[in-house]
A.B. asks: 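My questions all concern the structure below.
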Amino acid sequence: GCQQRTVQLYDLRVKGTNSPPVSTWAHSESVNGIEVDPHRPQVFATFGQTAGEPVKLWDARRMDSSLGEIKTSPYGPKSDSGDNQNGGVGPVVSVVRWSHLHPGCLSVGIGDSIQHFDTTSAGSRPVLTRVSYAPNSISDLAFQTKPKIPTIRRGNQADKESEEAINASPGGYNSASELLSLRMLTVLSDGSVRDMPKF
């Protein structure tokens, strides 16, 4: 993403050439961010710096047009009384994040709201599934990544039973990972960090 309102893709597998990047017009002003889907590496989302402009979804294999758009807007009275920059038009998108644990779930931070979308639903339009609110405008957010569950390699019966007990226990890896997948960390415009429920 760049200030020329375009997204440019470079093929790093090609060495020793000066071939130009694949370039496409993406937003009406500067491209503020690009976020790659961890479950579909060819799919990515972009957002610009203009209030009211949609988040766009792209497929790197087919850059002639976007896959779809997510039209965002501030939700509820909290956002209406929050960051109404840009001449009263409303806040701009500040961050987008894909979930590592829930394929196709894209969260968009705008003003003091985080809007969660399902991008895998039937049809080309992503579906809004939930809106979360923070006490202040959102600067950044992060989700739990997919945990690496340790494996016991010695293979005797005692080790297998121990591993099964860990995974099945209330405080085990599986239940902990399920619990953390429902939380998110948000960085607010005042510099504070909040642990918030995602669902």
A.B. asks: Could you walk me through whether Leu67 and Arg62 pass side-chain contact (heavy atoms from CB on, under 4.5 Å), step by step?
C.D. replies: CA-CA 9 Å; Leu67 286 177; Arg62 205 164 37 91; 3.1 Å; yes
A.B. asks: For a 4.5 angstrom cut-off between non-hydrogen side-chain atoms, does Val55 reach Thr46?
C.D. replies: no
A.B. asks: Would you check if Leu188 and Pro135 make a side-chain contact, meaning some heavy-atom pair closer than 4.5 Å?
C.D. replies: yes
A.B. asks: Can you tell me how far CG of Leu185 sits from CG of Leu141, rounded to the nearest 0.5 angstrom?
C.D. replies: 9.0 Å
A.B. asks: Just by distance, do the side chain of Trp58 and the backbone of Met63 share a donor-acceptor pair under 3.5 Å?
C.D. replies: no
A.B. asks: Does the side chain of Arg97 come within less than 4.5 Å of Leu106's, by heavy atoms?
C.D. replies: no
A.B. asks: Provide the full list of salt bridge (Lys or Arg N to Asp or Glu O under 4.0 Å) pairs with a residue in residues 43-53, sequence neighbours left out, each pair given once.
C.D. replies: none
A.B. asks: Do you know which two heavy atoms are closest between Trp98 and Phe143, and how far apart they sit?
C.D. replies: O-CD1, 3.8 Å
A.B. asks: Return the CD1 to CE distance between Ile114 and Met196, rounded to the nearest 0.5 Å.
C.D. replies: 4.5 Å
A.B. asks: Distance check, rounded to the nearest 0.5 Å: His39 atom NE2 versus His102 atom NE2?
C.D. replies: 9.0 Å
A.B. asks: Is a donor on one side and an acceptor on the other found under 3.5 Å between the side chain of Ser107 and the backbone of His116?
C.D. replies: no
A.B. asks: Looking at Val36 and Pro41, what are the two nearest heavy atoms and their distance?
C.D. replies: CG1-O, 3.6 Å
A.B. asks: So do Phe47 and Thr72 actually touch side chain to side chain, heavy atoms under 4.5 Å?
C.D. replies: no
A.B. asks: Can you tell me how far the CZ atom of Arg40 sits from the CG atom of Leu57, to the nearest 0.5 Å?
C.D. replies: 7.5 Å
A.B. asks: Distance-only, no hydrogens or angles: does the Ser30 side chain make a donor-acceptor pair with backbone N or O of Asn32 under 3.5 Å?
C.D. replies: no
A.B. asks: Side chains of Thr186 and Asp140: does their closest heavy-atom pair fall under 4.5 Å?
C.D. replies: no
A.B. asks: Do Thr119 and Arg125 have a side chain donor and acceptor closer than 3.5 Å?
C.D. replies: no
A.B. asks: Among Leu128, Val127, Thr129, which residue satisfies the side chain to side chain contact (heavy atoms under 4.5 Å, CB included) criterion with Phe117?
C.D. replies: Leu128
